Each structure stands twice: as C-alpha cells, then as structure tokens.
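Chain A is the first sequence line, chain B the second, and so forth, proteins listed ahead of strands; every chain is numbered from 1. Please read these numbers as outputs of a predicted model, since none were measured by experiment.
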Number of protein chains: 2
Amino acid sequence: MADEDLGCYFTLIYEVGIINQIGTAFLEARLPNGLLVSHFGVVSHLIRVGDGATPVELAGAFQVAKTTMTHTLAGLEKHGFVEMRPNPADKRSKQVWLTDNGKKFRDEALAKLAPLFQELAGRFSSSRAAAMLPELAEFRAVIDQLRDEIT
Amino acid sequence: MADEDLGCYFTLIYEVGIINQIGTAFLEARLPNGLLVSHFGVVSHLIRVGDGATPVELAGAFQVAKTTMTHTLAGLEKHGFVEMRPNPADKRSKQVWLTDNGKKFRDEALAKLAPLFQELAGRFSSSRAAAMLPELAEFRAVIDQLRDEIT
DNA sequence: TGTATTTAATGCGATATCGTACTAAATACC
DNA sequence: GGTATTTAGTACGATATCGCATTAAATACA
C-alpha cells in the first residue's frame with residue numbers, strides 16, 4: 001500500500017502517453033493532406049460499428065469533447081467523407097453517414113499503412129500485440145467506469 | 001497474414017488513445033489552476049531521473065516537438081517550478097532545474113491523486129497494472145526504434 | 001396541459017501542440 | 001584555420017482541443 005504501489009499506474013499512463021504520441025505521429029505522417037488520426041479514427045469506427053451514429057455517440061466512443069467532435073466531423077464533411085443527415089428520431093440530433101469517398105479514404109490509408117505494420121509485425125508479433133489487448137481493454141473499461149461515477 | 005492480423009495493432013493504438021484521453025482528463029481535473037499533465041510529467045521526470053536535463057532531452061523523453069517543450073517549460077518557469085540555467089557544456093543550450101516549489105507542486109499533486117488511485121487499485125490491482133508494463137515498454141521501444149529508422 | 005430540467009449541437013474564446021524559419025553555437029571537414 | 005553542416009533554443013502562424021454559453025428539442029413532472 002506504499003506509494004510505490006501506485007507508481008505503476010503513473011508508469012502505465014506515462015507509457016500509454018508516449019505510445020499514443022508515437023502512434024499518432026506515425027499514422028498522421030501517412031495520411032493525405034491535413035487529415036488527422038481523429039478523422040481516420042472516426043471513419044474506421046463508422047465502418048467497424050456501422051453508419052448512422054450521432055455526433056454525441058462518437059464523442060463518447062473517442063472520449064473527446066462534443067465540440068471537438070463537431071470540429072472533426074466538419075473536417076470530414078468538407079472532404080466529402082461523411083454526410084450529416086437529420087436524425088429522424090430526434091430533431092435536435094444528427095446522424096453521420098459514410099460516403100463512398102470516405103470508404104475509399106480509409107481503404108487507401110490502410111493500404112499505405114500496411115507495409116509499415118508488416119515491418120512492425122517482424123519486430124513485435126501481432127500475437128504479442130493481441131495478447132495485450134484484453135488487459136488493456138479491461139483497464140480502459142475500469143477507468144471509464146470510474147470516470148462516470150466520480151463525475 | 002490477412003488484414004485482420006494487422007488489425008490488432010490498430011486496436012492497440014485505439015485502446016491506448018482512449019486510455020490516454022481518460023487518464024489525461026482524470027489527472028488534469030485534479031491539478032491546480034491551469035496546470036496540465038505535461039507540466040506534471042516534466043516535473044515528475046526531473047524528480048525521477050534527476051535535475052539538469054536540457055529541453056531537447058525532455059522533448060525526446062516525452063516525444064513532443066521542441067517548440068512544445070519550450071512552451072511547457074515556460075509555463076513551469078512562470079509558476080516558479082523550474083529554473084532555466086545556461087548549460088556550462090554548451091552555450092546554445094540550457095539546463096532545467098527544479099525549485100522547492102516545483103517539488104512541492106508534485107508532492108501535493110500526488111497527495112491529491114492518491115485517493116483516486118487507491119479506488120482504482122480496488123478495481124484493477126496494481127499487480128495487474130505492473131504486469132502490463134514490460135510488454136508495453138517493449139512495444140514502445142520497438143516503435144520508437146522504428147520511428148528513428150524510417151525518419 | 002404547462003413548466004422545469006435535461007440533452008444535442010454549435011459559436012466563441014483560450015490555449016496546447018505542431019511545423020517552418022531563424023539565430024547562435026558546436027561540430028565536421030578540408 | 002576557415003568554411004559547411006548540424007544542433008539548441010525560440011518566434012511565429014496554423015490548427016486541434018477544450019470549456020462555457022446559447023438555442024432548440026426532448027423529457028420529467030406536477
């Protein structure tokens with residue numbers, strides 16, 4: 001129960017911060033003209049989970065402020081990668097739909113990233129990466145829950 | 001070798017991104033008046049590793065741009081948490097030294113954070129967190145290396 | 001039914017971060 | 001020793017992100 005006991009959480013956050021920095025920079029360097037990981041992430045999310053999410057749902061999924069998501073979505077819309085449509089179930093709300101160009105953007109980004117990840121796979125196997133995921137995901141779920149409770 | 005093989009890297013980066021978001025927001029909500037995790041991180045680093053690092057070394061340690069570190073250090077100096085002194089070994093360079101107020105800031109921040117981490121420890125044990133660290137650190141080292149090579 | 005509270009999205013201002021360009025010093029190289 | 005290249009730090013402009021306030025719609029509730 002000493003302080004050093006809690007130190008591993010700080011170390012964990014520290015490591016995660018650095019990995020996030022490097023990963024973001026890596027991906028961003030390979031995305032076309034001014035597009036960011038946030039854009040790529042939203043499009044990927046829409047492909048994985050499905051179209052028609054609301055901005056507030058997306059903000060929750062990525063744990064960013066609503067205003068940030070508004071900004072990101074505006075950028076995606078300007079590039080023609082998503083379409084904002086009124087939400088038939090709630091007139092305050094909107095729905096985000098992918099366009100063909102949006103899917104193409106994601107496919108091309110993935111293709112451009114693939115060699116890099118192949119190289120990475122040679123140095124840190126995908127099975128090792130996969131093995132880390134369950135604990136990471138649960139840690140994420142725990143602090144997510146904690147965040148909700150503490151407000 | 002299919003695409004799904006590489007998918008775990010994306011998932012890893014995604015999880016790390018969210019954890020980073022939540023962790024940063026958590027810590028920042030508990031730091032005094034306008035201080036950020038970047039400030040806390042630098043002070044903690046100087047305590048852990050030792051005084052007298054140069055700005056460029058700190059930028060490297062946190063994988064942020066030099067200009068960002070200049071900005072962060074200016075904030076710390078304005079709060080009186082660090083002192084910038086000329087580097088006797090290199091007249092272009094500087095050294096960053098902690099002040100007593102800087103150490104106090106870190107101690108107080110830690111004290112304020114402790115209950116939160118105690119609560120966290122009850123839901124995700126420190127031993128589980130510690131168990132994740134070696135793989136995370138090595139993954140970090142690998143992408144760090146990759147970053148250097150690819151330029 | 002009518003009012004109060006909550007919620008979705010956005011406008012606005014503040015600021016953290018980044019890339020580029022610049023200056024001064026160190027290093028390489030001839 | 002003299003020139004060219006690299007490196008440390010910073011100024012400046014661009015922009016991503018956030019918090020606060022506002023508007024419109026949904027929900028609670030009396």
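- Under the 3.5 Å distance criterion, the side-chain polar atoms of B:Arg30 are matched with a main-chain donor or acceptor of B:Phe26.
- A:Leu58 is listed as a side-chain neighbour of A:Leu46, based on a closest heavy-atom distance under 4.5 Å.
- Look at CG on A:Asn87: it is 11 Å from P on C:dA8, rounded to the nearest Å.
- Taking the ring centre of A:Phe10 as origin, the terminal cationic atom of B:Arg48 falls outside the region bounded by 6.0 Å and 45° from the ring axis.
- Separating the CD atom of A:Glu28 from the C1' atom of C:dC18 is a distance of 10 Å, rounded to the nearest angstrom.
- Hydrophobic clustering (side-chain heavy atoms under 4.5 Å, transitive across Ile, Leu, Val, Met, Phe, Trp, Tyr) keeps B:Val49 apart from B:Leu110.
- When distances are taken from the side chain of B:Arg92 to each of D:dT6, C:dT10, C:dT17, the shortest belongs to D:dT6.
- Computed from coordinates, the A:Lys91 NZ to C:dT6 C1' distance equals 19 Å when rounded to whole Å.
- Within residues 58-86 of chain A, the residues having any heavy atom closer than 4.0 Å to DNA chain C are, in order of number, A:Lys66, A:Thr67, A:Thr70.
- At the phosphate of D:dA8, neither OP1 nor OP2 sits under 4.0 Å from any side-chain N or O atom of B:Gln95.
- Within a heavy-atom distance below 4.0 Å of DNA chain D, the residues of residues 49-56 of chain B found are B:Thr54, B:Pro55, B:Val56.
- Here the side chains of B:Thr68 and B:Phe62 are not in contact, with every heavy-atom distance at 4.5 Å or above.
- Residue-level contact check: A:Gln21 touches the backbone only, with heavy atoms under 4.0 Å from sugar-phosphate atoms and none from bases.
- Ring pair A:Phe124/B:Phe139 is perpendicular by interplanar angle, where above 60° counts as perpendicular and below 30° as parallel.
- Atom CG in B:Leu36 sits about 14 Å away from atom C1' in D:dA16, given to the nearest Å.
- A salt bridge links A:Glu119 with A:Arg123; the closest basic N to acidic carboxylate O contact falls under 4.0 Å.
- Between the side chains of B:Gln63 and B:Asp144, at least one donor N or O sits under 3.5 Å from an acceptor N or O.
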